[in-house]
> 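Take this structure first; my questions come after.
Atoms considered below: every heavy atom in the structure, side chains included; atoms not considered: hydrogens, waters and symmetry mates. Reminder, nothing fancy here: chain letters follow the sequence lines and each chain counts from 1.
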Amino acid sequence: MALIRERLTHMLHQAVKDLLLESGIQNEEDLKVELEIPKISDHGDYATNTAMTLTKVLRRNPREIAQAVIDRMEGRDELLARVEIAGPGFVNFFVRPDAWGEVLKDIHEKADAYGVQNLGRGKRVQVEFVSANPTGPLHIGHGRGAAIGDVLANILRACGYQVDKEYYINDAGKQMQTLGRSLYLRYLEALGVPIDFPDDHYRGDYMKDLAREVLDREGDRYKDVPEEEALPFFTRYAGDRILDGIREDLEAFGVQHDIWFSEQSLHDAGEVQRTIEALERAGYIYEQDGAKWFRSTAFGDEKDRVVVRANGMTTYFAADLAYHKNKYERNYETVIDIWGADHHGYVPRMTAGVQALGRKASDLRIILVQLVNLLRGGKPVAMSTRAGEFVTLREVVDEVGKDAARFIFLTRRSDSPLDFDLEVAKMQSNDNPVYYVQYAHARLCSVFQVAREKGVACSWDVPPDLSPLHQPKELELMKLLGEYPQVVASAAEQLEPHRIPYYLSDLVSCFHSYYNQNRILGEDEALTQARLYLAAAVRMVLRNALGLLGVSAPEKM
RNA sequence: GCGCCCGUAGCUCAGCUGGAUAGAGCGUCGGACUUCGAAUCCGCAGGCCGCAGGUUCGAAUCCUGCCGGGCGUACCA
């Protein structure tokens, strides 16, 4: 049994199709119909503006079209109590109250898989996120990108895409040398050798910690080794250890990448060179002032970009081109990059790059994540990266918990800047939406606990009679539960994970309100069974949605 | 200068692929625990959707111009 929304959409779609055929029009584009939930309940459970959008094609007035559409909706009486034409030409649908129970049966039947669908049809998608340079610990801005990337990937998986989560390690180039040298100098310092620590080196305390670690493990064996000989060890050591730390911090944050991809491996395999050659053959490379330029202006970038400098070194951008070429060679149909918004200037050149490599611009989707302002009690926390004074992601997770941190990162559109207040994140109140949602789940678990203690049946081979559910709040809950798959689908299509937390807040708000004015476990056995069945469905959806967010669904709190 | 993002209630933000009377949380004020969890609920108040034009049956949403804030404008990584 299909869900209410799907059935109605289908019915409407057929009716519009018939109407267009009768009028001799066969235009697929005019056939898309959309159902919205009106803001005002007097306007029905669902409404469509399709009659208005059809006025231009059919050249008739919208209310007439609306009537014609309604007349062609077959089997509407089974599902609908009433259909109205309203305002300039809206069609408002009032679902039969007894039809909503189908939603609950559907949820019980699908259980964990409720919300899972097959929009993607197995299409391979890669989500690349975090990809912070392995030169220091992750900070809170990386956390936001991590949460968004991780959850977006989860959502796409739930929608039938075959998704890999990938981390690009910038382990090549001068910054790694600088990193190694920073460690080397701290090592000497720890041995009591006077050093001069340059400003452009990595000054954070974590480098001193690492230096002590090297000292413990290796003793003073590098003390008298010439710098050029010692550096490779220190570079590799620093890079590996910092990357380990990043991995651990992500793990503590609930994020696991499937693939860790090394930039150096592209250089080692000659892929950077090959990519430049491929672009040369395609005619997108020219030489000027001793450098090789990529003609990104051919695809709308504001200027061309250097890929090989006059000194013969390839640029970072060249490696990025090779990396993206490599992604498509690994057969990803769509590649999603999650970048800090401070990199937005790179979007046109990267988009140009994938097109020059023979892909559609839309094969690369870039999500820009705005910066995070870290606050404590409303006051900004100093965040100077160079001085190494930043608050790390790990510190934030340790202080406020992974659930609160993730939820807060996700409760905002990614292109909106985010104020992250450590005190608010720790508050166990409604200031903090994560507890509001988790509390509902714990509450429901508690109800089931009590039910079991009282010996009330609360698992069902066959659905109970749902006719006792007819209160407005009960119908509203069922309707909201029925919207969940649609919410997941739209989050996937629009690449907007924040839709899930907002949906959860709505659902939970409705539930809490209902809970406060009704008892689930009561004298009336039939009513109790029906309400428990509803409650179980709410709990199921909460679990599924929180699972997508990587936020726990506690039984007690 | 040019480019991108943002400007919605006192605060933090949804709504933006055009739809009917613009929403939520916080904060203020006032109510609800002998009951399955009060980390909850109920109610009151709060708006020229930055400003000005345009597009059309209809604009917070699309277009143009301004104002204000953030970011970016390398043969750096």
Side-chain angles (χ1 to χ4, degrees), chain A residues 32 34 36 38-40 42-43 47-49 52-53 55-56 61-62 86-90 92 133 135 170 172-176 178 200 263 288-293 301-303 305-317 319-320 340-348 368 370-371 373 378 408 411-419 421 424 427-440 442-451 453-454 456 490 493-494 498-499 501-502 505-506 508-509 511-522 528 531-532 535 556-557:
Chain A
K32 60 168 189 183
E34 275 180 28
E36 56 164 27
K39 280 173 280 195
I40 300 159
D42 286 348
H43 292 156
T48 184
N49 63 350
M52 272 128 66
T53 62
T55 49
K56 289 186 182 94
N61 101 48
F90 292 101
N92 298 336
N133 294 342
T135 53
N170 295 121
K174 206 179 85 188
Q175 59 172 357
M176 292 308 288
T178 307
D200 63 352
E263 177 191 355
Q288 187 181 306
D289 304 329
K292 286 190 179 180
W293 296 71
D301 194 7
E302 60 184 13
K303 58 175 290 217
R305 308 293 171 176
V306 171
V307 286
V308 182
R309 292 190 270 161
N311 66 8
M313 302 284 283
T314 54
T315 59
Y316 180 87
F317 177 56
D320 247 355
D342 51 341
H343 290 84
H344 70 256
Y346 296 78
V347 173
L368 297 172
Q370 287 290 341
L371 302 183
N373 301 308
I408 289 167
T411 313
R412 208 122 316 179
R413 255 169 56 220
S414 57
D415 54 8
S416 174
L418 167 65
D419 289 338
D421 194 311
V424 172
M427 273 184 211
Q428 302 197 343
S429 75
N430 226 346
D431 281 312
N432 198 346
V434 67
Y435 293 113
Y436 186 65
V437 176
Q438 289 182 319
Y439 183 67
R443 222 178 195 185
L444 279 160
C445 290
S446 176
V447 171
F448 282 99
Q449 181 61 36
V450 172
E453 283 164 10
K454 287 186 174 176
V456 178
S490 72
E493 279 163 5
Q494 307 296 320
H498 73 275
R499 291 173 185 242
Y502 277 95
S505 292
D506 284 348
V508 160
S509 162
F511 166 71
H512 280 312
S513 171
Y514 173 67
Y515 183 89
N516 269 278
Q517 63 189 73
N518 297 285
R519 291 189 60 80
I520 291 171
L521 305 172
T528 297
R531 285 181 171 174
L532 274 173
K556 286 186 175 33
M557 35 191 306

> Which label fits B/rC33, syn or anti, where anti is any glycosidic angle not within 90° of 0?
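Judged by the O4'-C1' to base torsion, B/rC33 sits in syn, the angle falling within 90° of 0.
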> Among all residues two or more places apart in sequence or in another chain, which pass the salt bridge (charged side-chain N to carboxylate O under 4.0 Å, His left out) test with A/Arg499?
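Checked A/Arg499 against salt bridge (charged side-chain N to carboxylate O under 4.0 Å, His left out); matches are A/Glu496.
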> So, using side chain to side chain contact (heavy atoms under 4.5 Å, CB included) as the criterion, who are the partners of A/Asn49 when residues are at least two apart?
A/Met52, A/Thr53, A/Phe90
> Under a 3.5 Å cut-off on both pairing distances, which runs of 3 or more consecutive Watson-Crick or G-U pairs involve RNA chain B?
B:1-7 with B:67-73, B:10-13 with B:23-26, B:29-32 with B:40-43, B:50-54 with B:62-66
> Which residue lies toward the 5' end of RNA chain B, A/Val508 or A/Val450, if each is placed at its nearest nucleotide?
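Nearer the 5' end of the strand: A/Val450.
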> So which nucleotide from B/rA14, B/rA39, B/rA77 ends up closest to the side chain of A/Asn133?
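Nearest nucleotide to the side chain: B/rA77.
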> Taking the P atom of each, how far is B/rA14 from B/rC5, in whole Å?
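After rounding to an integer number of Å, I get 16 Å for this pair.
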> Any N or O donor-acceptor pair linking the side chain of A/Tyr515 to the base of B/rA38 at under 3.5 Å?
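Counting by modelled atom types and ignoring angles, no donor-acceptor contact under 3.5 Å is found here.
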> For residues A/Ile408 and A/Val424, determine if any side-chain heavy atom of one lies less than 4.5 Å from a side-chain heavy atom of the other.
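The answer is no; the side chains never approach within 4.5 Å.
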> List every contact pair, protein side and nucleotides 20-23 of chain B side both N or O, where the distance is under 3.5 Å.
from   : atom 1 : to      : atom 2 : distance (Å)
B/rA20 : OP2    : A/Lys39 : NZ     : 2.8
B/rA20 : N6     : A/Asn92 : OD1    : 2.6
B/rA20 : N1     : A/Asn92 : OD1    : 3.2
B/rA20 : N1     : A/Asn92 : ND2    : 3.1

> Please list each protein N or O that sits under 3.5 Å from an N or O in nucleotides 42-50 of chain B, with the distance.
from   : atom 1 : to       : atom 2 : distance (Å)
B/rC42 : OP1    : A/Ser513 : OG     : 2.9

> List the residues meeting ring-ring contact (aromatic ring centres under 6.0 Å, His included) with A/Tyr439, not counting sequence neighbours, and say none if there are none.
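Per chain and number, A/Tyr439 pairs via ring-ring contact (aromatic ring centres under 6.0 Å, His included) with A/His512.
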> Can you sort out the partners of A/Tyr346 under side chain to side chain contact (heavy atoms under 4.5 Å, CB included), two or more places apart, ordered by chain and number?
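Testing A/Tyr346 for side chain to side chain contact (heavy atoms under 4.5 Å, CB included), a comparison that skips the adjacent residues, returns A/Trp339, A/His343, A/Arg349.
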> Would you please name every residue forming a side chain to side chain contact (heavy atoms under 4.5 Å, CB included) with A/Val306, sequence neighbours left out?
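Expected list: A/Ala291, A/Trp293, A/Arg309, A/Thr315.
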> Output all residues satisfying side-chain hydrogen bond (donor to acceptor under 3.5 Å, both in side chains) with A/Glu302, sequence neighbours left out; order by chain, then residue number.
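With neighbours one apart ignored, the set is empty.
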> Starting at the 5' end of RNA chain B, which residue's closest nucleotide do you reach first, A/Ala291 or A/Ile520?
A/Ile520
> Using the ring-ring contact (aromatic ring centres under 6.0 Å, His included) criterion, which residues pair with A/Tyr515? Sequence neighbours excluded.
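Scan of A/Tyr515 (ring-ring contact (aromatic ring centres under 6.0 Å, His included), adjacent residues dropped) gives A/Phe511.
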> Measuring only the P atom in each nucleotide, how far is B/rC62 from B/rG15? A whole number of Å is fine.
12 Å
> Looking at B/rA14, B/rC41, B/rG37, which one has an atom nearest to any side-chain atom of A/Arg412?
B/rA14
> Rounding to an integer number of angstrom, what distance separates B/rA22 and B/rG50 when you compare their P atoms?
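Looking at atom P only, B/rA22 and B/rG50 are 15 Å apart.
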> Mind listing the N/O atom pairs, protein and nucleotides 1-7 of chain B, below 3.5 Å?
from  : atom 1 : to       : atom 2 : distance (Å)
B/rG3 : N2     : A/His344 : NE2    : 2.4
B/rC5 : O2'    : A/Gln370 : NE2    : 3.4
B/rC5 : O2'    : A/Asp415 : O      : 3.2
B/rC6 : OP1    : A/Arg413 : NH2    : 3.2

> Residues two or more places apart in sequence or in another chain: which of them pass side chain to side chain contact (heavy atoms under 4.5 Å, CB included) with A/Tyr514?
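Here the qualifying residues are A/Gln471, A/Lys473, A/Glu474, A/Leu477, A/Asn518, A/Arg531, A/Leu534.
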